[in-house]
Amino acid sequence: MLSSFRILEIMQQGVALLDADLRVVIFNDRIGKLLQAPKGAIEVGVSATRMAAQIPILGRTQQSDDSQESWLTHLLTCSTLFYQEISVGERIVSLTSTPVDDGGWLISCDDISALASIRKDMADQNRRFDAALANMPHGLCMFDADKNLLLCNAGYCRLYDLPETLTRPGTPLWQILDYRQTAGNAPVQQEAYFDVVVEAALKGSAASENIVLMDGRVIKITHNPMENGGYVATHEDVTESVRAEEQIKHMAGHDPLTGLPNRTLLREKLEKELALGNGGKRCALLCLDLDHFKRANDTLGHAVGDLLLKAVTDRLKTCLGEGDSIARLGGDEFVVFQEEVQTKERAAALAQRLVNAIGETFVVEGQPVQIGVSIGIAIAPDDGDTADGVLKNADTALYKAKTDGRGTYCFFEPAMDAGIQKRRKLEVDLRQAIAGSQFEIYYQPQVNAGTEEVVGFEALLRWHHPERGLVSPAEFIPLAEETGLIVPLGEWVLRQACKDAASWPGHVRVAVNLSPVQFRSPSLTHTVISALADSGLSAFQLELEITESVLLTDSKTALATLHHIKGLGVRIAMDDFGTGYSSLSYLRLFPFDKIKIDQSFIRELGDSKDCAAIVKAVVDLGSSLGITTTAEGVETTDQLDQVREHGCTEIQGYFFGKPLPFSHVEKLLRKGSPSQSR
């Protein structure tokens, strides 16, 4: 057997036994090494006082549990176990002083550096974990299988404004929920909260749910089940993101200006109604298009136009009955959906209310605005059993209402579709014609009434359709104006006419018509300047013809544009003079260079004394104002004699020549007078 001394020497612990007088009775070398004691500091018979004097660490005051005292002081004054962890060089040593029965002490020490390092790492990790929990943007909580709180972070407390007493481990969940009920931030539906807990437990993985609180917030709760039946949950305030998603969803189905449902939402509603069938009940779809809105929008500005659309929306809503709804498709197009329409009369009554309401004057930003509305009506399922079909047929009826003079309503009829398809085909062809150079300008001579010499030509547009041949301007010009294609088409005519006329003698002018739509284009003046510069044509040789309708809306802006163009040296003529209501008043407002007497008066010269009197009055008026007067539509010798007798200065009509291609103009100019070719 090993001796007691041998056992002490092979021990990893350092050991020393002190008697009742605190003197060393026995020890091993290990204790000296661990305490880094100098030689002779620990020997048999050495007192504890001497040991403390020679081994500084034993004399220092050390933290021990809840007290601060030195090793020597404790041995001298106490008789209880004394445990210390002390730093000795790079080591952490545990020093345990245990009282024995005879009044002595058993002193033991051990190298716990590795354990201390592990504990330090764990403490650091716990601090980081605590910091992470405390600074999480979301609330976190952990409950056991009995739904008693194990832990929660500061975010969880802040989220529900919990008092400290409800955040302690062991707090039942029901107490927390009861408090939140009183505080007004409990779930609106308690069962929804527990449903997500059950779902997570059943599937054995995380489950999430957005829970609406009594205070209006939305909290996303994600439950993660634990093996022991408890769970860990995160609580995230997603109120703003949910509202943002709802706003995006709302915007996807609603018009941002008026707040009305848009085409997407309308189609969904219509498809749903048609799918249900409603036991054979019928519904009506009314397509609305505002009359003259573009004119108001262009003249008053888009800001006023937006306010006008809002005012229109408010007025339309006042006309709706129970179950009726309204949507905006875009621009100035609206749709009214009318439920349970057993007879056309009910839809007609609503349409008439809408026409009457929009026809009343609006006052926007202090300015009176007069518009109207045209309405096309389709009845479902009679006029279509799909949303697209009903919409298409209501739109077809709308086109018929607009062509019938606007400010009215029209029901869909199957025969309308053929006419619409023809019009749409013509519009497609017209766009292709502009891109494919299918247009040509013909020139009709204008002659001096006295000498019969050519003084100018009016540029008249002709369309050579590849399939239909020559298409009448009366057919495609209104369509070009309605679709806005008249702007690029009119610009081409102006540029080409200037280019052609540049090769004519300097005293021969070219007259180009400007449509009201073209005149409202903000680039008109620039286009005129550019056409003259590119062609090299003298401004004096260009004459622009306008009708009274150009001046009917926003006359101040129109007159300013006319003055600008006239200032360039370009001549301005009023076409179709005498057919409008205010022709005479416009002569006072603007110094026209020419007035063209409408051919309807010339045609009746031989049969109507009134027409003769009007022609005479216009010529006399022109003469007194120094304005050239042109008689249009002169076709007979009798008409020629009469307009000469009345004093017209220029003549245009088939008597002196029909419109000619550009290639024939040079030949006519060489002859000097059209009459020489007759």
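Residue numbers run from 1 in the order of the sequence given. The shown structure was predicted, so the numbers you read here are calculated from the model rather than taken from an experiment. Heavy atoms only: backbone and side chains are in, while hydrogens, waters and symmetry mates are out.
Under the 30°/60° scheme for interplanar angles, the aromatic rings of Tyr442 and His464 are found to be tilted. Between Trp504 and Tyr443, the ring planes are perpendicular. Angles over 60° get that label, and only those under 30° would be called parallel. Ring geometry, His563 versus Phe590: the interplanar angle exceeds 60°, so the pair is classed perpendicular (tilted spans 30 to 60°).
Side-chain atoms of Arg267 do not come within 3.5 Å of backbone N or O of Asp388 as any donor-acceptor pair. In this structure, the side chain of Arg353 engages the main chain of Cys319 through a donor-acceptor pair within 3.5 Å. In terms of modelled atom types and a separation under 3.5 Å, the side chain of Arg315 and the main chain of Glu360 share a donor-acceptor contact. Proximity of a side-chain donor or acceptor of Gln599 to a complementary backbone N or O of Gln652 within less than 3.5 Å is not detected. Looking only at distances, no side-chain donor or acceptor of Thr629 sits under 3.5 Å from a matching main-chain atom of Cys648. Checked by atom type and distance alone, the side chain of Glu543 never pairs as donor or acceptor with a backbone atom of Val570 at under 3.5 Å. Side-chain atoms of Ser535 come within 3.5 Å of backbone atoms of Ala531 as a donor-acceptor pair (strictly under, hydrogens ignored). Under a 3.5 Å cut-off, the side chain of Asp291 and the backbone N or O of Gly407 do form a donor-acceptor pair.
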Problem set entry | Working for salt bridge (charged side-chain N to carboxylate O under 4.0 Å, His left out), residues Asp314 and Lys310 | CA-CA 6 Å; Asp314 293 339; Lys310 291 181 179 180; over 6 Å; no

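Under 4.0 Å is where a charged nitrogen must lie from a carboxylate oxygen, and between Glu413 and Lys400 no such pair does. Between Arg644 and Glu452, at least one side-chain nitrogen of the basic residue sits less than 4.0 Å from a carboxylate oxygen of the acidic one, meeting the salt-bridge criterion. By the 4.0 Å N-to-carboxylate-O rule, Arg282 lies close enough to Asp382 to be salt-bridged with it.
Side chains of His292 and Gln370: a donor-acceptor N/O pair is absent below 3.5 angstrom, by distance only.
By the 6.0 Å and 45° rule, Lys402 does not stack over the aromatic ring of Tyr399.
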